[in-house]
Amino acid sequence: MAVNPTQWLSSTMQACCKKYFGGYMYDACMGRYPPDHDDCNVMLYYPDWNGSNKGCINDGKEPYYMLSNHQLFFSNSLEECCEKFYEWDFYGCSGTTPVLTN
């Protein structure tokens, strides 16, 4: 960057975001994520690693890095998410109790 600043630096944030984060990342670069509206906001479950780290939640406030690999981080159901990320404490994560059989 220091050797050739005109190649790497931009005069405005908009120009920088357009050049390096065009497409689906542009709004995030411009600080417009999450969107102000909920038109397409589907609440999927994801691991709550930034919170209590005891289970999965679906509050729509997932960290941005999870959006870039949504197939890995998001699940359609609480049970699916707990099985994937909290296998060691599935019942605590899902809020269920094990069924004991004789």
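Along the sequence shown, residues are numbered consecutively beginning with 1.
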message = Which heavy atom of E80 sits nearest to which heavy atom of N76, and what is that distance?
response = OE1-N, 3.5 Å
query = Considering only heavy atoms from C-beta outward, does the side chain of L44 approach that of S75 to under 4.5 Å?
reply = no
message = Once rounded to the nearest 0.5 Å, what's the spacing between atom OH of Y91 and atom OG1 of T96?
response = 6.5 Å
note = Between C16 and S10, the two heavy atoms sitting closest are CA-OG, 3.4 Å
request  = Not counting sequence neighbours, which residues clear side chain to side chain donor-acceptor pair (under 3.5 Å) with N69? List them please.
outcome  = none
query = Is the count of non-hydrogen atoms from other residues, nucleotides or ligands lying under 6.0 Å from K54 atom NZ greater than 12?
reply = no
task = Output all residues satisfying side-chain contact (heavy atoms from CB on, under 4.5 Å) with E83, sequence neighbours left out; order by chain, then residue number.
result = F90
ask   = Cluster partners of L100, using ILVMFWY side-chain heavy atoms under 4.5 angstrom, listed by chain and number?
value = none
query = Of all heavy-atom pairs between E62 and F74, which one has the smallest distance, and what is that distance?
reply = CG-CZ, 3.5 Å
request  = Treat each ILVMFWY residue as a node, draw an edge where side-chain heavy atoms are under 4.5 Å apart, and state whether Y20 and L67 are in one component.
outcome  = yes
inquiry  = Please find the pair of heavy atoms, one from K84 and one from Q71, that lie closest to each other, and give the distance.
reply    = NZ-O, 3.6 Å
query = Roughly how far, to the nearest 0.5 Å, is CG of L72 from CE of M66?
reply = 8.5 Å
task = Taking all non-hydrogen atoms of both residues into account, name the closest pair between F73 and F85 and its distance.
result = O-CE1, 3.7 Å
ask   = Looking at side-chain heavy atoms only, is the closest gap between I57 and Y46 below 4.5 Å?
value = yes
message = One pair to check against side-chain hydrogen bond (donor to acceptor under 3.5 Å, both in side chains): D48 and Y86. What are the steps and the verdict?
response = CA-CA 10 Å; D48 186 24; Y86 294 94; over 6 Å; no
K18 atom NZ, neighbour heavy-atom count above 12 within 6.0 Å = no
query = Do C56 and C81 have their SG atoms less than 2.5 Å apart?
reply = yes
